[in-house]
**Q** 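Submitted below is the structure of interest, expressed as C-alpha cells.
Every chain is numbered from 1, with letters handed out A, B, ... down the list of sequences.
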Amino acid sequence: MNIPIDWAVAGPATILAAGAVIALLVDAFFPRRTWLGSGLPATAALVAAGLELFRLHDDVGQGTFALSLIILAGSLFVVVASNVMNFENAMPPGEYHFLLLSSAAGALLMVSARDLVTLIVSLELLSLPSIALVGLRHGDRRAIRSAWTFFFASVVATAVTLMGISLLYGAAGTLDYEGLSVGLQTTEVPHSVVTVAVLLTIIGLLFKLGAVPFHMWIPDAYLGAPILVAGFLSSVSKAASIGALMIVLEAALPSAYGTWSALVAVVAAASMTIGNVGALRQSNAVGLLAWSSVAQAGFLLAPVAVSGSIGSQAALQYLAAYVLANLVAFAALAVVLRLRGSTDYDELRGLARTDPPTGIPLVLAALTLAGFPPAIIGLVTKYVVIQPVIEADKTWLAVVMAVNVMLGLAYCLRLVAVLFDKPQGEAYVSPSPPFSVRIAKAVVILGALGIVALSAWPALLLSNLP
Amino acid sequence: MSATEILFLVFAVIAVGSAVLAMTSKQLVHSALWLVVTLGAIAGCFVLMTAEFVAWVQVLVYVGSIVVLVIFALMMTRQPAAGPSAEVTGNRWAAAVIGLVAAGGLGATVVAGFEGERIEGQRIGTAGSLGDALFNDWVLAFEVLSLVLLAALIGAIVISRAGSDR
Amino acid sequence: MIVAALAVPFGLGLLLLILRGAVPGRVAAVSGSVAMAASLVLYALVWEGSTGVSGEVDSSWIEPLGARLHLGVTDISWPFLLMTALLGLLCCVWLVAEDTSPALVGLVLIISASALGVFSSLDLLLFFVFFELALIPMWFVIAWWGDPSTSSGSGGDEGRRRAATRFLLFTVTGSALLLVGIVVVAARPLGTLQILDVEDAPLLAAVLIVLGFAVKTPLVPLHTWLPDAHSKAPTVGSVLLAGVFLKLGTYGLILLGARMIPDQFSRIAPYVAVAGVVGIVWSALACYAQDDLKRLIAYSSIGHMGFVALAISTMSDVGLAAAVFGSVAHGLITGMLFFASGSVKDRFGTASMATIGRGLYARTPWLAVAFVFAAIASLGLPGLAGFWGELLSLRAAYEVGDVLSKGSAWTLLGFAVLGIALTTAYFVRAIRLIAQGDPVPHDGDRDLNRREALVMGVLAIGIVALGVAPGLLVGLYEVAG
Amino acid sequence: MPLLYPLVLAAALFGIGVYGVLARRNAVLMLLGVELMLNAVNLNLVAFDAWHGDELHTGQVLTLFTIALAAAEIGLGLAIILTLFRAVRTIDVDKVGAE
Amino acid sequence: MKPFGRFPSSRGSAARTSRWVYVAVTAVLAVVVAIWAIPDLGGGYFGYAAAAPGSTPPMPDLSPDLFLFPVSAQIVLLTVGVGLLVQIYSTAYLGHHPRYRSYALIIILFLVAMIAVVGTTNLWVLLVGWEVMGLCSYLLIGHEWETAEARAGAAKAFLMTRIADLGLVIAILVIGQAYGTYDLLGAELAASDGGPRSSTAIGLLVLVAVVGKSAQFPLHTWLPDAMPGPTPITALIHAATMVAAGVYLAARMLPFYRESEVVLVALAVIAGITMLMGALFALVQADLKRALAWSTVSQLALMFSAIAAGDPGAGTDHLLAHGVFKALLFLGCGCIMHAVGSSALSAMGGLRKAMPVTFVSMTIGFGALAGLVPTVGFFTKDSVLAALEHAAQGDAELPAAVGQVLFYTALATTFVTAAYAARLWLTTFFGPDSSSPVEHVEAEAPRAMLLPVVVLAVATFALSVGQPVHLGFGLLSTAVAVFAGGVVVYAWRNRGELDIDAPRLSRELDLDEPYSRWIPAITRSASRLVVAVDRDGVDAYPAGGAAGAQLGSRLLGVLQSRNVQRYATVMAVGVIAIVAAGVIWT
C-alpha cells in the first residue's frame with residue numbers, strides 16, 4: 001500500500017511557493033517600498049499557477065479544479081487590489097506578498113490533499129501566514145491583538161482537530177481518504193468512537209470557515225487585519241476550508257454521513273442566524289462584512305450538510321458568487337479606507353453619489369450577499385443552495401435559511417441606504433488619487449462588471465462550475 | 001505485567017503529575033520546567049512504544065529548543081509590577097470542569113473503542129524506517145511542512161518588526 | 001412585444017436614474033408617461049384571446065435550473081397588466097410638475113415595469129426575480145420621498161425610513177418563504193419552474209407560497225406593515241403600493257395557488273378564507289377609528305383584499321372572476337383615493353382629518369367630489385367598479401364551491417356582509433368629517449389643477465366603465481351555464 | 001502492553017492541557033497548555049502506529065509533523081506575544097483585549 | 001389654474017335662465033318616459049321573451065332589459081311627473097342656493113335610477129337603481145351639509161338603507177342560484193312553471209331590503225331624521241317615490257314568496273306595528289314636516305299590509321295615490337316653510353288667509369290622507385281595507401287570525417290618521433296667528449311653487465276616476481274618519497290648542513336609542529379595541545422579533561469581549577456540545 005502522491009495537483013502550489021520566495025527576494029532588492037517590487041512577481045506567479053491549473057484540467061477532479069480556480073482568482077484579485085494599501089509606512093510589501101502567496105499555496109494544497117496528513121499541514125500553511133498577515137501592520141495595537149486572538153484560537157482548533165485525526169487513525173489505521181472511507185466501514189471500533197473522531201476532525205475546518213461556535217475570532221481578526229487581508233480571509237481562506245470540508249466529508253467520511261449531516265446542518269443554521277443577528281447593529285462596513293461572512297458560512301454549509309453531488313455543486317456555485325461579491329466589497333472598502341481613513345458608515349454616507357465607481361459596486365456586492373435583485377446572481381445562488389436542502393427533506397433548515405435571507409437583507413439594506421444617502425458635510429474629494437487607487441478602482445469595477453454579467457446570464461456560472 | 005508496562009506506568013504517572021504541576025504552578029519558570037519533565041516522560045513512553053526516532057526528536061526539538069524559547073519569552077515578558085496576582089484567571093472553574101469533561105470524554109471514548117487491544121510492537125520506528133516513509137510516502141507533506149516552517153519564520157520576523165516603532 | 005413593453009419603462013427608468021442630474025423633472029415625467037403609455041398600448045395589443053397564452057416569449061435562461069425567460073399574457077394576467085400599466089402611466093402624469101425629481105420618475109417606472117414583469121412571467125424564478133426587483137426602489141420611494149412630518153407615528157427621516165424598512169422586511173420575509181416554496185415546487189426529479197407545466201407539489205409548497213403572498217396581500221395578521229408604509233409613502237408610492245403591490249399578492253395567490261397547485265391549495269384555502277374575512281371585519285373596525293386619511297385608506301385596502309382572498313379560496317370560476325375583478329377595481333378605486341388624499345396632503349401638509357378641517361365641499365369642491373366619488377366606489381355602490389368584485393365574492397361564497405363546507409362558507413358570507421356595512425359606516429364618517437360641515441378656510445385651499453383633474457378623471461371613467469359594464473372583465477371568465 | 005495505557009494517558013494530558021489553556025493568565029503558559037494537548041495527540045498517534053504496525057508509519061510521521069508544526073506555532077506565537085507585550089505592556093489574557 | 005372655472009354657483013341673472021335648463025332636461029326625460037310608458041298602461045305581461053335559465057346563473061351584466069307592465073308604467077309616470085313638478089318647484093324654492101346645479105343634477109340622476117328600478121327585468125339593473133336612489137337620497141338629505149342635523153340625518157339614512165340593501169343583494173344571489181337566471185321575468189316564469197324555490201329565504205331577504213328602504217319597523221327611524229333635507233326632496237324621494245319603491249319591490253317579488261307563510265306573517269306583523277306606530281307618532285309631533293314623515297311611514301305600512309294580504313294591486317294603487325297626495329302635502333309644507341321660515345307647528349297658525357291657494361290645496365291633501373270622498377285616498381285606502389278583510393276571512397295565504405288583527409289595526413290606523421290629519425290642518429291654517437318671533441307672512445309662495453301644488457291637488461281628484469268602489473268599506477272608513485275628525489274638532493273647540501302631552505310617544509318610544517347610541521357606541525369601542533390590539537397585539541410579533549434580533553445583536557457584541565480565553569471556552573463548550581450531541585443522537 002502506498003500513498004499516491006499527486007504531484008500533478010501540486011504543480012500550481014509549487015509555482016505559488018516559488019513565486020512567494022521570488023517576490024520576497026525581488027522586494028528585498030527593489031529600491032522603493034511599494035507594491036510594485038513584490039506585487040508584480042506575485043501577480044505573475046498567480047497567473048502562471050492559473051495557467052498550470054488549466055493545463056492540468058483533465059488530471060484534477062472537477063471539484064478541485066473549480067475550487068483551485070476560485071482560490072487563484074480570489075488571491076489574484078486580492079494581490080492586485082492590494083495596490084491601494086499603504087505599503088510606504090505601514091507594511092513591508094515583500095513579506096506581505098510572500099505570506100499571501102504561501103497562504104494561497106496552502107489553500108490550494110488543502111483542496112488537492114487526498115490524505116489527512118497533507119490536509120493538516122496545508123491547513124497550517126494556510127493559517128500561520130494569514131495570522132502573520134493579520135498582525136502585519138506596524139505599530140498598530142489592534143492588529144497585533146487581533147493576530148493574537150486569531151493565532152491562539154487557531155492553534156487550539158488545530159490541536160482539537162489533530163486529536164480527532166489521531167482517533168480516526170486509530171479506528172481506520174490509515175489517513176488517506178480512500179483508505180478511511182473503506183476503513184471506517186469495516187472497522188470493529190464502535191460507532192460512537194468514530195463519531196467522536198469524525199466530529200473532532202472537522203472542527204478545524206469549521207473553525208477556519210468561521211462557523212458558529214467557532215466564529216468569535218472573525219470580527220476581531222477582520223477588524224484588526226489590513227483590509228484586504230480580511231478580504232483574503234473571508235474569500236480564499238473560506239473557499240479552501242469549505243472545499244476541504246466537502247472533499248473530506250465526501251471522500252473520506254461518507255460512511256459517517258448520519259453522524260455529521262445533522263450536526264453540520266445545525267451548525268449551518270446557527271451560523272447563519274448568529275452571523276446575521278450579529279451584523280444587525282454594526283456601523284462599520286468591515287464589521288458588517290465580518291459578521292455577514294459568518295452567516296455566509298452557514299449558507300455554504302447548508303448544502304454540504306445534505307451532501308450528495310448536488311449539494312457540493314450548489315455549495316461551489318454559491319461560493320463562487322460569494323467570493324466575487326465579498327472581494328468586490330472589500331476592495332471597494334479598501335479604496336474608501338485609503339481615501340478617507342475609515343470604513344465607518346459616517347464615511348460611507350452618500351458614497352454611491354459622490355463616487356459611483358466605488359459606491360455602486362459596493363451596493364451591487366451588498367445586494368449579491370443579501371441575494372436580492374437586481375443582483376440576480378445572489379438570488380440564484382441562494383436558490384441553488386436551498387434546492388438540495390429541500391430535496392433532502394430538511395425543510396426546517398430551508399425555512400431557517402429563508403428567515404435569514406430576510407435578516408441578511410435588513411443590514412445590507414442599511415448599508416445600501418447609507419451609500420445612497422445624501423452626503424453629510426462637504427464631499428471629500430481626493431486630491432488627484434494616486435495611480436494605485438485607480439488600479440484598485442479598476443479592479444473593483446471589473447468585479448462589479450462580473451457581478452452584472454453573472455446577473456444577466458446566471459447560466460454562465462451555473463453551467464460552468466461542476 | 002511486563003517490565004515495559006511497569007516502566008510505562010511510571011512514566012505516565014510522572015507525565016501526568018508534572019503536567020498538573022506545570023499547569024497550576026504559581027511560578028512561571030517552574031511551570032516551564034515541570035513541562036520539561038512531562039515532555040521527557042512522554043519521550044520515554046515513545047521509546048517504550050518502539051518509536052525511538054520520534055522520542056529523540058521529542059527530546060531535541062521540544063526539550064532542547066521549544067522550552068528554551070518559552071523560558072526566554074517568559075523572562076522577557078516578566079512584568080516589573082507583577083504582584084502576587086494569581087496565575088490563573090477567574091475562568092478556572094469552568095476550565096477545570098471542561099478539562100475534566102474533555103479528559104473523561106476522551107478516556108471513555110478510547111476505553112469504549114480500544115479496550116483489550118495490545119501493542120505487539122514488531123515494527124520499530126527507527127530513523128531509517130521513518131526516513132524511508134518520510135521521503136517515499138510523505139514527501140509532499142514534508143515539503144509543505146518545510147514551507148510552513150519558512151512561512152512561520154518569516155511571519156515571526158515580520159511580526160516582531162511590526163512591533164518595533166520605526 | 002411583451003419584451004418591448006417591459007424594456008421601454010425599464011430602460012427609461014434606469015436612464016433617468018443615471019441622468020437624474022441632467023434632466024428636468026417635467027421632461028422626465030412626460031417621457032415616463034410616454035413610456036408607460038407605450039407599454040399600456042403594447043399590452044393591450046398583445047391580447048389574442050382568453051384561451052392559451054398571448055404573445056408568448058420563451059427562450060433559454062438558466063439551463064441548469066430549468067429556468068427560462070418565459071413571458072406571456074394569460075386570461076388572468078391581462079387585466080392586471082392593463083391596470084398596472086394604467087396606474088404607472090397615471091403616476092407619471094401625476095409627477096408632471098416643476099419640482100419633480102427625475103429619480104423618482106425613474107423609480108416609479110422601474111417599480112411599474114417590475115410589476116408588469118411579475119404579471120407577465122410564466123417561469124417561477126423569473127416571477128420571483130421581478131417580484132423582488134420592485135422592493136428596493138419602493139423602499140427608496142418611501143424613505144426618500146415619504147412624508148417627513150410627525151403626524152403619524154414617529155416623524156422625520158427616521159420615521160419614514162422605519163416605515164419603509166418595515167415594509168421591506170415584512171415583504172422580504174414573505175418572499176423568502178415564497179422562494180422556498182418555489183424551490184419545493186421545482187424540486188427534482190419531478191418539479192419544474194414553468195408555471196403552466198407544474199403538475200403537483202407537496203402541501204408544504206402550498207403553505208409556503210400562501211404564506212409568502214399573504215404578507216404581500218396582506219392577510220390578517222400579517223398586515224401591520226401596510227398602514228405605516230402608506231401613511232409615510234408619497235402619493236405615487238401609495239398608489240403603486242396599493243394599486244400594484246397588493247395585486248402581486250392576490251395575483252400570486254390566484255396563479256401560483258389556485259391555478260398552479262389546486263389540489264394542495266384547496267387544503268389551506270379555508271384558512272385563507274378565514275383570514276380574508278377576519279381581515280374584512282377587522283380592517284373595517286380599524287378604519288372607523290382612524291384619523292389619518294391615508295391610514296384609513298390603507299386599512300380599507302386590507303378589507304378589500306379580504307374579499308379577494310375569500311373569492312380565491314372558493315376556487316370556483318366565479319371566485320376567480322371575483323378575485324380578478326376585485327383586484328382590478330381596487331387598483332383603480334384605491335388609486336383614486338390615494339391620488340385624492342395625496343392632493344389633500346399636498347395642500348394641507350397632512351392627512352390628518354382633524355387638521356384638514358371640515359367643509360372641503362365648499363373649500364375645494366372638485367377635490368371633495370373626487371374623494372367622495374372614490375369613497376363611494378370603494379364602499380361598493382352598485383354601478384361602480386367596487387361593487388362587482390365584492391358581489392362576485394359573495395356569490396362565490398354563497399355558491400360554496402368545492403373547497404369550503406356550506407356552513408363555513410355561509411358564516412364567512414355573513415361576516416363579509418357585516419364588513420360591507422362597516423365599510424359604509426367608516427366612509428360615511430370620513431366624508432362627514434372632511435367633505436361636509438362648516439367650512440374653515442385654510443391657506444392650502446386650492447382646487448384641483450389640470451394634471452390632478454386629468455388623473456382623477458381617467459380613473460373615474462375607468463371606475464364607471466367597469467361598474468356599468470362588468471362584462472368587460474368578467475366576460476373573460478364566462479362560467480359554463 | 002495494553003493499548004489503553006498510552007491512550008488514557010493521552011486523554012488525561014489532553015484534559016490537563018485544556019485546563020491550562022482555559023485557566024492560565026499568562027499567555028505563554030496558555031501556549032504551553034496547547035503544547036500539552038499536542039503531546040497527547042502524539043501519544044495517541046504513536047500508540048496507534050505501533051498497534052496497527054503501520055507500514056507507512058503514518059502515525060509516527062504525523063507525530064514528527066506535529067512536533068514541527070508545534071515548533072512553528074510556538075515560534076510565531078512567541079513572536080506575537082513579545083510584540084503584544086511591547087505594544088500593551090502586558091500579556092495577562094484578561095487585560096490584553098481591554099482597551 | 002382653474003380649468004373648470006368657478007365651481008357651480010347660480011348667482012346672477014345668467015344663472016336664473018340656466019336653472020330652467022334642468023327643468024327642461026327633466027321635462028324631456030318625462031316626455032320620453034311618457035311616450036314609452038303610456039302604451040303599456042293597458043297592456044299586460046306580453047311580448048317578453050325571457051332567456052332560458054341555465055343551471056348556473058350567468059355572470060352579471062347591466063343590459064337594460066327594459067320592460068313595463070301596467071303597474072310599473074303607472075309608477076314610472078308618477079315618478080317623472082312628480083319629478084318634473086319638483087324640479088319646477090325647486091327653481092323657486094332652492095334656485096338661489098349656491099349649489100343648485102348639483103342639486104338639480106342629482107334629482108335627474110335619481111329619476112333615472114328610479115326608472116331603472118321599475119322599468120327593468122334585469123335584477124342587477126334593479127339593484128343598481130335601488131342603491132343609486134339611496135345614494136341620491138343621501139346626497140340630497142345632506143344638501144345642507146353645513147348643518148349638523150343634515151349631516152347626521154344623511155349619514156343615518158344612508159347607513160340604514162344600505163345595510164338593508166345588502167338583503168336585496170343576497171336575495172338576488174339566492175334568486176339567481178334558485179332559478180338559474182338574474183332576469184326577473186325569467187325567474188318569475190320559472191317560479192310559476194316549476195313552483196317557487198327558496199321562497200322563505202328570498203322573501204325574508206327582500207323583506208329586509210324593503211323594510212329598510214321604506215322605513216318600516218324596526219328600521220324606521222331614519223326617515224324622520226331625513227327631514228333636514230330640502231322639502232321638495234322630501235316630497236319626491238321620501239314620500240312619493242323612493243320609499244314607495246319598497247312597496248313596489250315587495251309587490252314585484254311576491255311571486256317568489258307568496259307561498260311562504262313565514263314571510264307573509266312577518267310582513268303583516270311589521271306592517272301592523274308600523275302603521276299604528278307611525279300614525280301615533282304623527283299625531284303627537286310638534287313639527288309639521290316630521291309629522292308628515294311619520295304619516296308616510298304609516299301609509300307605507302298600510303300598503304305592505306295589502307301585499308301581505310295577497311293583494312299587491314291594492315298596495316300599488318295606494319302607492320300611486322299616496323305618492324300624489326303626500327307629494328302635495330310636502331310641497332305645500334314647503335310653501336308654508338318658505339313663508340314662515342320654519343316647519344314647527346308652533347310657528348304656524350291662521351295661514352289660510354295669507355296663503356289661500358296653499359290652504360285649499362293642502363286641504364285636499366289632508367282630505368286624501370284622511371280618506372275622504374272624493375279624493376283618491378278614499379278609494380285606494382278602501383281597496384286596502386277590502387284586501388285585508390279578505391285575508392281576515394281566510395281567503396289569502398295569510399292566516400286568518402293574523403288577517404283579522406291586521407284588519408282591525410288598519411281600522412285603528414284610519415282613525416288615528418284622520419285625527420292627525422285634522423290636527424295638522426287645524427293647527428296650520430286656523431286659529432290665532434303664530435306666536436313665533438318670525439315676522440308675519442305677507443304673501444303666498446311664488447308661482448313656480450304654487451303651480452306644482454295645484455297640479456297635484458287636481459291630480460288628487462283626477463286619479464279617482466276609474467278607481468274601484470268598495471261601498472261598505474267606504475262607509476265604514478268614512479265613518480271612522482269623520483268620527484276622528486269630529487273628536488279633534490271638538491277638542492280644538494274646547495281647548496283652543498291641540499298639543500298632545502305624551503312624552504313617551506313624543507320621544508317616539510325611544511326606538512331610536514339602539515341606532516343613535518348603542519350601535520355607534522359598540523362600533524366605536526370595538527374599533528378602538530381593534531386599533532389597540534392591532535398596534536400592541538398583532539404588531540407584537542414583528543416588533544418582538546425586531547427587538548429580539550436587536551437584543552441578540554447587542555448580546556453578541558458584549559460576548560465579543562476580545563478575551564481569547566473566553567473565546568476558547570466558548571469553542572470548548574461548543575466542541576463538547578457537538579460531540580455529545582453526535583454521540584447521543586447517532
Side-chain angles (χ1 to χ4, degrees), chain B residues 4-5 8 12 15-16 19-20 23 28 31 35 42 45-46 49-51 54 57 61 66 69-70 73-74 76-77 79 87-89 91-92 95-96 98-100 102-103 106-107 110-111 114-115 117-119 121-123 125 129-130 133-134 137-138 145 148-149 152 155-156 159-160 162-163, chain D residues 1-16 18-20 22-26 28-29 31-33 35-36 39 42-43 46-47 49-51 53 56-57 60-61 63-65 67-76 78-83 85-87 90-91 93-94:
Chain B
T4 329
E5 289 173 34
F8 189 93
V16 171
V20 169
M23 288 297 111
L28 298 181
S31 286
L35 190 71
I42 291 173
C45 293
F46 286 164
M49 288 189 290
T50 71
V54 176
V57 173
V61 176
I66 292 182
L69 264 181
V70 165
L74 281 175
M76 288 169 74
T77 58
Q79 279 158 288
E87 278 301 321
V88 285
T89 58
N91 204 26
R92 61 180 174 279
I98 292 171
L100 276 178
L106 276 176
V110 292
V111 169
F114 306 101
E115 197 178 8
E117 304 291 343
R118 294 186 68 84
I119 298 173
Q122 306 97 337
R123 293 182 58 83
S129 61
L130 267 180
L134 263 184
D137 302 323
W138 300 106
L145 187 65
V148 172
L149 286 169
I159 289 257
S160 309
Chain D
M1 183 167 65
L3 179 58
L4 272 186
Y5 283 11
L7 296 189
V8 171
L9 172 62
L13 288 177
F14 194 83
I16 295 166
V18 167
Y19 170 80
L22 298 186
R24 293 308 302 231
R25 186 177 290 280
N26 187 302
V28 178
L29 289 179
L31 215 48
L32 291 189
E35 295 305 317
L36 266 185
N39 270 285
N42 288 349
L43 265 173
V46 171
D49 186 307
W51 179 54
L56 296 172
H57 277 307
Q60 294 194 19
V61 168
T63 307
L64 287 179
F65 287 179
I67 292 172
L69 288 179
E73 282 175 359
I74 283 280
L76 186 62
L78 288 179
I80 290 175
I81 289 173
L82 288 176
T83 314
F85 181 74
R86 268 184 290 168
T90 180
I91 51 168
V93 72
D94 281 345

**Q** Applying the side-chain contact (heavy atoms from CB on, under 4.5 Å) criterion to B/Ile42, which one of D/Asn42, D/Asn39, D/Val46 satisfies it?
**A**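 Exactly one candidate clears the test, D/Asn39.
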
**Q** Hey, could you give me the CG/CG distance between D/Leu32 and B/Leu74, rounded to the nearest 0.5 Å?
**A**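 With rounding to 0.5 Å, CG (D/Leu32) is 7.0 Å from CG (B/Leu74).
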
**Q** Compute the centroid of each ring, for B/Phe114 and then for D/Trp51, and state whether the two points are separated by less than 6.0 Å.
**A**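 B/Phe114 vs D/Trp51: aromatic centres under 6.0 Å.
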
**Q** Taking atom CG of D/Leu22 and atom CD1 of B/Ile98, what is their separation to the nearest 0.5 Å?
**A**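 Spacing of CG (D/Leu22) from CD1 (B/Ile98) equals 5.0 Å.
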
**Q** What residues, two or more places apart in sequence or in another chain, satisfy side chain to side chain donor-acceptor pair (under 3.5 Å) together with D/Glu35?
**A**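 By the side chain to side chain donor-acceptor pair (under 3.5 Å) rule, D/Glu35 matches B/Tyr62.
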
**Q** At a 4.5 Å cut-off on heavy atoms, which part of D/Phe65 comes close to chain B: side chain, backbone, both, or neither?
**A**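 The answer is both parts of D/Phe65.
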
**Q** Are side-chain heavy atoms of B/Trp138 and D/Leu56 found at a separation under 4.5 Å?
**A**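 Result yes, sub-4.5 Å side-chain heavy-atom pair found.
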
**Q** Below 4.5 Å from any heavy atom of chain B, which atoms of D/Ile16 appear? Answer side chain, backbone, both or neither.
**A**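 Interface part for D/Ile16: both.
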
**Q** Hey, which of D/Val8, D/Leu31, D/Leu64, D/Val18 has the most heavy atom pairs under 4.5 Å with chain B?
**A**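 Highest number of pairs under 4.5 Å: D/Leu64.
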
**Q** Pair D/His57, B/Asp137 - check side-chain contact (heavy atoms from CB on, under 4.5 Å), show working.
**A** CA-CA 9 Å; D/His57 277 307; B/Asp137 302 323; over 6 Å; no

**Q** Distance from D/Leu82 atom CG to B/Ile159 atom CD1, nearest 0.5 Å?
**A**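 These two atoms lie 11.0 Å from each other.
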
**Q** Looking only at heavy atoms, what is the nearest atom pair of B/Thr50 and D/Ala50, with distance?
**A**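 Result for this residue pair: OG1-CB, 4.2 Å.
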
**Q** About how many Å separate CD of D/Gln60 and OG of B/Ser129, when rounded to the nearest 0.5 Å?
**A**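 Those atoms lie 7.0 Å apart.
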
**Q** State the CZ-CE distance between D/Arg86 and B/Met76, to the nearest 0.5 angstrom.
**A**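 Going from the CZ atom of D/Arg86 to the CE atom of B/Met76 covers 7.5 Å.
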
**Q** Show the nearest heavy-atom pair for residues B/Ala103 and D/Gly15, with the distance to one decimal.
**A**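 Heavy-atom minimum between the residues: CB-CA, 3.9 Å.
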
**Q** So do D/Pro6 and B/Ile119 actually touch side chain to side chain, heavy atoms under 4.5 Å?
**A**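 Contact flag for B/Ile119/D/Pro6 side chains = yes.
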
**Q** Side chain, backbone, both or neither: which part of D/Ile80 has a non-hydrogen atom closer than 4.5 Å to chain B?
**A**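 Both backbone and side chain.
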
**Q** Heavy atoms only, distances under 4.5 angstrom: which of B/Ala19, B/Cys45, B/Ala102 has the most pairs with chain D? Name it, please.
**A**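 Highest number of pairs under 4.5 Å: B/Ala19.
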
**Q** Can you tell me which of B/Leu130, B/Val57, B/Leu149 forms the most heavy-atom pairs within a distance under 4.5 Å of chain D?
**A**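 Highest number of pairs under 4.5 Å: B/Leu130.
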
**Q** Can you tell which part of D/Leu13 gets under 4.5 Å to a heavy atom of chain B, answering side chain, backbone, both or neither?
**A**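 Only the side chain of D/Leu13 comes within 4.5 Å of chain B.
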
**Q** Examine whether an atom of B/Leu35 lies under 4.5 Å from a heavy atom of chain D, and if so say whether it belongs to the side chain, the backbone or both; otherwise answer neither.
**A**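 The side chain, not the backbone.
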
**Q** Go through the atoms of D/Leu76 and report whether side chain, backbone, both or neither lie under 4.5 Å from a heavy atom of chain B.
**A**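 D/Leu76 touches chain B through backbone and side-chain heavy atoms alike.
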
**Q** Check whether B/Thr89 reaches the backbone of D/Ala23 with its side chain - one donor and one acceptor, N or O, closer than 3.5 Å.
**A**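 Between the backbone of D/Ala23 and the side chain of B/Thr89 there is a qualifying donor-acceptor contact (under 3.5 Å).
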
**Q** Find the distance between CD1 (B/Ile66) and CG (D/Leu78) and round it off to the nearest 0.5 Å.
**A**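 The CG atom of D/Leu78 is 9.5 Å from CD1 of B/Ile66, to the nearest 0.5 Å.
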
**Q** Please list, chain by chain and in numerical order, all residues satisfying side-chain contact (heavy atoms from CB on, under 4.5 Å) with B/Glu5, sequence neighbours excluded.
**A**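 B/Glu5 satisfies side-chain contact (heavy atoms from CB on, under 4.5 Å) with B/Met1, B/Ser2, B/Arg118, D/Met1, D/Pro2, D/Tyr5 once adjacent residues are dropped.
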
**Q** Measuring heavy-atom distances to chain B, does D/Ala87 have an atom under 4.5 Å in its side chain, in its backbone, in both, or in neither?
**A**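 Neither part.
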
**Q** Would you mind checking which part of B/Val61 comes under 4.5 Å of any heavy atom in chain D, side chain (CB onward), backbone (N, CA, C, O), both or neither?
**A**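 Only the side chain of B/Val61 comes within 4.5 Å of chain D.
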
